[in-house]
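Beneath this line is the structure, given in structure tokens, with notes to follow.
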Amino acid sequence: MGNVPIAGPVAAVLDLSATELLDRGDNEDEPSVDRALTLLEPDDAAAWAVRFAAGPFSKRSRRDRLRAIGLLDGYELELSPVSGFLFEADAGLVGQLVVGFAEVIYYSEWQGYDEFTRPPSQREHPNDPAAVQSWRQTGYPGDASGYAALRGYVDKPDSPLGGGDVWKDLDGDVRIARDSGNFRENDYETSGYEEPYPEGA
Amino acid sequence: MVSNEYDAVIVGAGGDGPVAAWKLAEAGLSVLVLEAGPFHGNEQWPKPHEEPGGEASASVEDLSGELLDEQFTTRESEMVNKLVFGPADHERGFYVRKFPGDGAILQCSGVGGTTLHYTGNHPRAYPASIDEQGHWPLDYADRVPCYREIEEVCEVAPAPVTAKEELFFQGAEAAGWDLLDVKNVTEPGYRPQPNTIRQPDGKLHVDGDFTYPEVGSRSQRK
Ligand SMILES: Cc1cc2nc3c(=O)[nH]c(=O)nc-3n(C[C@H](O)[C@H](O)[C@H](O)COP(=O)(O)OP(=O)(O)OC[C@H]3O[C@@H](n4cnc5c(N)ncnc54)[C@H](O)[C@@H]3O)c2cc1C
């Protein structure tokens with residue numbers, strides 16, 4: 001495993017889908033380069049450079065971007081990478097990668113290994129927050145057995161869900177209680193149920 | 001240790017296989033479970049991703065918490081690698097799967113199967129999805145005793161609230177949904193997950209914004 005640069009290909013696929021959306025006339029909003037500019041932070045590239053480089057996807061409205069990603073479900077991909085195993089998917093995978101890769105790779109500990117290519121039992125991970133770009137950016141101090149994040153248990157007056165002191169009131173009469181209660185067993189009556197997807201329909 | 005004949009052979013030690021094995025063995029049958037992926041935390045397989053190790057394990061004596069902590073870490077990308085859907089020896093690649101339509105199947109290989117990274121959510125089915133759909137050979141009422149048994153074994157309880165859930169509950173309430181506190185769900189609404197992950201120690205309680213307050217020993221830090 002190594003560094004596989006996928007930002008370029010993914011951007012290209014997203015741009016394709018955004019172009020297709022416009023070709024089909026399925027966009028709801030007019031494209032605008034201003035949308036790409038609003039994403040800029042003070043230290044990012046200069047506005048003129050972004051205006052020049054912004055692709056079709058970045059110019060779509062948020063809803064149209066989602067619609068463009070939806071179009072990808074219709075593209076069949078068939079790839080046989082070097083290893084010889086068959087990989088079949090449709091381009092809908094790209095949309096999922098855009099979400100999933102950031103989570104499971106970019107925000108993971110991956111960059112922090114001393115030597116990633118060794119067998120798992122010989123890899124050293126010093127857990128140095130400064131060694132992982134996403135950890136630096138988010139102030140994540142590195143992985144631990146756990147971080148204290150417990151607020152309590154959601155509860156309502158007369159509900160068995162929570163117990164003990166009320167720690168915090170939320171909206172309405174919903175609150176967070178200090179201790180846990182439990183769900184209650186209840187009768188169920190289903191005859192009023194309407195099947196949203198009837199069989200054979 | 002492995003015999004030539006069994007009353008039942010179960011392929012895959014994931015979420016469901018071992019439960020079937022348990023019930024069949026309880027009924028007095030001899031059972032063999034076959035698992036192609038790694039068995040973490042078992043002394044028969046000290047380096048499950050690098051060396052073949054033992055052939056079979058049939059004793060709790062083989063289980064080692066120390067080995068499990070070493071092999072099964074909180075490092076996400078490492079675990080994605082170790083649990084990938086394929087043989088424990090990753091040089092041999094993934095299992096080929098073909099499925100219609102769109103989607104990514106996040107299936108795990110190993111003893112524990114996909115429960116190795118599931119989130120411990122244990123809801124019962126919606127009663128209407130059983131009783132109002134004609135294709136089921138049993139009623140919801142037939143399932144309730146099974147739910148009760150597994151909820152007790154797995155200590156299913158309401159999931160705790162962290163900053164994220166707090167925001168979700170606030171939003172759901174503001175949007176006009178009702179908080180449900182029942183096991184059998186027949187009305188729309190929101191509720192905490194009935195979850196099987198053991199509830200956190202009260203000492204982990206925090207007031208105020210999330211900051212990363214440390215917990216106990218930082219055993220993974222150097
Ligand atoms: C991210 C995620 C979160 C989830 N969260 C929840 C949750 O909170 N609550 C919930 O109820 N469900 C959850 N699920 C779903 C749940 O984990 C699965 O439905 C469940 O584990 C499936 O059980 P299984 O036994 O059918 O298959 P699996 O658990 O996938 O087990 C199959 C096993 O068979 C082995 N195997 C395959 N082929 C062979 C072969 N030829 N020979 C030997 N062994 C083989 C595999 O290595 C694997 O270990 C989640 C799933 C995912 C992906």
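Sequence lines set the chain letters: A, B, ... in the order given, protein chains first and strands last, and positions in each chain run from 1. Note that the structure is predicted; figures quoted are calculated from it, not measured.
Of the two parts of B/Val156, only the backbone, made up of N, CA, C and O, holds a non-hydrogen atom closer than 4.5 Å to a non-hydrogen atom of chain A. Looking at B/Lys82, the atoms closer than 4.5 Å to chain A (heavy atoms on both sides) all sit in the side chain, from C-beta outward. With a 4.5 Å cut-off on non-hydrogen atoms, B/Thr162 touches chain A through its backbone and its side chain both. For B/Tyr126, no part lies near chain A; criterion is any non-hydrogen pair under 4.5 Å. Both the backbone and the side chain of A/Tyr140 come within less than 4.5 Å of a heavy atom of chain B. Using a 4.5 Å cut-off between heavy atoms, B/Ile130 does not touch chain A at all. The part of B/Ala159 that comes within reach of chain A is its backbone (N, CA, C, O), which places non-hydrogen atoms under 4.5 angstrom from that chain. Residue B/Tyr95: no heavy atom, backbone or side chain, is found under 4.5 Å from chain A.
No other option in B/Glu166, B/Glu165, B/Arg148 has as many heavy-atom pairs under 4.5 Å with chain A as B/Glu166. Of the listed residues (B/Arg191, B/Lys183, B/Glu187), the one with the most heavy-atom contacts under 4.5 Å to chain A is B/Lys183. Options A/Asn186, A/Thr190, A/Leu170, A/Asp171 differ in how many heavy-atom pairs under 4.5 Å they form with chain B, and the most are formed by A/Asn186. Contacts with chain A were tallied for B/Gly202, B/Gly171, B/Ala163, B/Ala174; B/Ala163 has the most, counting heavy-atom pairs under 4.5 Å. When the candidates A/Gly172, A/Gly152, A/Gly139 are compared by the number of heavy-atom contacts under 4.5 Å with chain B, A/Gly152 comes out ahead. By number of non-hydrogen pairs under 4.5 angstrom with chain B, the leading residue of A/Glu185, A/Lys156, A/Glu189, A/Glu194 is A/Glu185.
For B/Lys23, the NZ atom sits in a packed shell: over 12 heavy atoms of surrounding residues, nucleotides or ligands are nearer than 6.0 Å. Within 6.0 Å of the CG atom in A/Asp158, the count of heavy atoms belonging to other residues, nucleotides or ligands does not exceed 12. Other residues, nucleotides and ligands place more than 12 heavy atoms under 6.0 Å from the CD atom of A/Gln122. Within 6.0 Å of CZ on A/Arg136 lie more than 12 heavy atoms contributed by other residues, nucleotides or ligands. No more than 12 heavy-atom neighbours from other residues, nucleotides or ligands sit within 6.0 angstrom of CG on A/Asp187.
Rounding to the nearest 0.5 Å gives a distance of 7.0 Å between CG of A/Asn127 and CZ of B/Arg75. The distance from the CD atom of B/Gln71 to the OG atom of A/Ser121 is 9.0 Å, given to the nearest 0.5 Å. The distance from atom CH2 of A/Trp167 to atom NE2 of B/His205, rounded to the nearest 0.5 Å, is 5.0 Å. Note that the CG atom of B/Leu204 and the CZ atom of A/Arg151 stand 13.5 Å from one another [nearest 0.5 Å]. Between the CE atom of B/Met79 and the CD atom of A/Glu109 there is a distance of 10.0 Å, given to the nearest 0.5 Å.
Of all heavy-atom pairs between A/Leu150 and B/Pro160, the closest is CD1-CB, 3.5 Å. Residues B/Ala157 and A/Asn182 approach most closely at CA-OD1, 4.1 Å, considering heavy atoms. B/Pro192 and A/Leu161 make their closest contact through CD-CD1, 3.9 Å (heavy atoms, listed as atom of the first residue, atom of the second, distance). Between A/Tyr153 and B/Pro158, the closest heavy-atom pair is CE2-O, 3.7 Å. Nearest heavy-atom pair, A/Ala148 versus B/Val206, reported as atom, atom and distance to 0.1 Å: O-CG1, 3.5 Å.
Side-chain atoms of B/Glu76 and A/Ser108 form no donor-acceptor pair, as typed in the model, at a separation below 3.5 Å.
The shortest side-chain heavy-atom distance between A/Phe183 and B/Glu151 does not fall under the 4.5 Å cut-off. Looking at B/Thr73 and A/Asp143, their side chains never come closer than 4.5 Å, going by heavy atoms from C-beta outward. Here the side chains of A/Tyr188 and B/Asp131 are in contact, with some heavy-atom distance below 4.5 Å.
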Donor-acceptor contacts under 3.5 Å from residues 174-181 of chain A side chains, at least two apart:
{"unit_1": "A/Arg175", "atom_1": "NH2", "unit_2": "A/Asp155", "atom_2": "OD2", "d": "3.3"}
{"unit_1": "A/Ser180", "atom_1": "OG", "unit_2": "B/Gln199", "atom_2": "NE2", "d": "2.9"}

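Residues A/Arg123 and B/Glu78 are not paired through a salt bridge, judged by the lack of any N-O separation under 4.0 Å between the basic side chain and the carboxylate.
Scanning residues 38-68 of chain B against chain A with a 4.5 Å non-hydrogen threshold yields B/Lys47, B/His49, B/Glu50, sorted by number.
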